[in-house]
Amino acid sequence: MSFKGLRILTACLFMSVLAACSTSSRYEEYPAYESASFSENPNACSLSRNARIRLRAPRIRFISTYNPLGHAPNVEHELLVVPEQLIHKWAENRFGVNKSATEAAEVRFTIRDASITSRSRVVGSCFKEIKEEYIGRFEVEIQFVSADGNALVTARKAVQIVDLTDPNMSAEDRESELMLLSYRLVKKLSQELDTDLCSPSFNDYIDLSL
């Protein structure tokens, strides 16, 4: 084989290796971006994402059973507005009550998880690189309770999103990334809860005319 032919063969082999590495890392190493678009998954009932959901109970009580770790691997405590506060504010804006309702004595909205953890992760099959992986996990429960304390109906949802980022980003960019992750989690949580609240088991406890 001539020198020119050898060069062409070598170049072809190199491009084949690059293609194999690219395909492998794209589909096996990187987690899929989890969006929460309301337009892609419209609610089965008439709940509007822009209006308050009226609960047929005279009051709603907000509870948190999440116990923040306060140190690594958790990082949510480093934010100026922690996810627990963000979830609480979203719930206050999202849900309203009917003070004259008798279907339930109260609604208990419980925050069970509001964590974001961080770890270094090696990605890539042929050409390795280190990324910072953030795992956000939110879990809440909405429960309608009778006057004697018995649960009438319950919706419990947990959502998780994983992000891979540059480990050398600035502190300001890191905070922006974590806040964006928090908002995406709340949006996804809201979407999935709407699906549950539209189910027949909640027909007697939700005003679906909004």
Side-chain angles (χ1 to χ4, degrees), residues 34 36 38 41 43-71 73-117 134-161 175 178-210:
E34 300 180 54
F38 287 92
N41 185 20
N43 296 329
C45 62
S46 58
L47 290 180
S48 168
R49 69 185 180 96
N50 296 317
R52 300 189 81 189
I53 298 175
R54 187 176 301 152
L55 310 177
R56 292 177 179 171
R59 62 181 176 273
I60 182 170
R61 184 152 56 102
F62 296 97
I63 307 165
S64 179
T65 60
Y66 175 59
N67 186 23
L69 190 60
H71 57 78
N74 289 56
V75 295
E76 75 275 359
H77 57 278
E78 300 175 8
L79 292 171
L80 292 176
V81 179
V82 298
E84 195 172 14
Q85 295 171 319
L86 187 64
I87 297 170
H88 185 190
K89 189 62 180 177
W90 160 76
E92 283 185 326
N93 292 334
R94 183 61 169 152
F95 301 106
V97 295
N98 182 348
K99 294 186 180 297
S100 62
T102 58
E103 284 83 355
E106 71 173 10
V107 174
R108 295 172 186 169
F109 183 94
T110 305
I111 300 172
R112 298 193 175 276
D113 198 348
S115 63
I116 301 177
T117 59
Y134 294 110
I135 304 172
R137 188 179 189 277
F138 291 178
E139 182 178 355
V140 301
E141 179 180 276
I142 298 178
Q143 187 174 76
F144 288 77
V145 181
S146 65
D148 56 5
N150 292 323
L152 300 172
V153 63
T154 302
R156 185 168 178 171
K157 278 295 177 183
V159 297
Q160 179 172 298
I161 296 178
E175 182 174 16
L178 292 179
M179 285 304 302
L180 178 60
L181 176 60
S182 298
Y183 278 112
R184 287 168 55 204
L185 282 160
V186 167
K187 190 175 182 181
K188 185 175 184 181
L189 184 65
S190 181
Q191 179 189 18
E192 296 197 10
L193 268 179
D194 280 3
T195 301
D196 276 13
L197 296 178
C198 282
S199 66
S201 58
F202 280 89
N203 284 352
D204 293 334
Y205 303 99
I206 301 289
D207 187 348
L208 298 180
S209 63
L210 297 179

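Since the structure is predicted, the reported quantities are computational estimates derived from the model, not experimental observations.
Shortest non-hydrogen contact noted between Pro83 and Phe138 is CB-CZ, 3.4 Å. Closest of all the heavy-atom pairs between His88 and Ile111 is N-CD1, 4.1 Å. Closest approach of Asp113 and Arg137 over heavy atoms only: OD2-NH1, 3.0 Å. Across every non-hydrogen atom of Val153 and Ser201, the tightest pair is CG2-O, 3.7 Å. Between His71 and His77, the shortest heavy-atom contact is N-CE1, 3.5 Å. Closest approach of Ala104 to Pro58, counting heavy atoms only: O-CD, 3.0 Å.
With sequence neighbours excluded, the residues that form a side chain to side chain donor-acceptor pair (under 3.5 Å) with Ser100 are Asn98. For Asp204, there are no side-chain contact (heavy atoms from CB on, under 4.5 Å) partners, not counting sequence neighbours.
Counting heavy atoms from C-beta outward, Glu192 and Lys188 have side chains that approach closer than 4.5 Å. Here the side chains of Arg94 and Asp194 are in contact, with some heavy-atom distance below 4.5 Å. Residues Phe95 and Ile60 have side chains in contact (heavy-atom distance under 4.5 Å, counting atoms from C-beta outward). Proximity of Ile206 to Phe144: side-chain heavy atoms (C-beta onward) are separated by under 4.5 Å at one or more points. For the pair Tyr66 and Glu76, the minimum side-chain heavy-atom distance is below 4.5 Å. At least one side-chain heavy atom of Glu141 sits less than 4.5 Å from a side-chain heavy atom of Thr154.
A donor-acceptor pair under 3.5 Å is formed between the side chain of Arg52 and the backbone N or O of Glu92. Panel note: side chain Ser182, backbone Leu178; a donor-acceptor pair is recorded below 3.5 Å.
Annotation: Tyr183, atom OH; neighbour count of heavy atoms from other residues, nucleotides and ligands within 6.0 Å does not exceed 12.
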### Task
Might you work through the side chain to side chain contact (heavy atoms under 4.5 Å, CB included) test for Gln143 and Thr110, ending with a clear yes or no?
CA-CA 8 Å; Gln143 187 174 76; Thr110 305; over 6 Å; no
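From Leu152, atom CG reaches atom OH of Tyr205 across 4.0 Å, with rounding to the nearest 0.5 Å. Atoms CG and CD, from Leu79 and Glu84 in turn, are 12.5 Å apart once rounded to the nearest 0.5 Å. From Ile142, atom CD1 reaches atom CG of Leu197 across 5.0 Å, with rounding to the nearest 0.5 Å.
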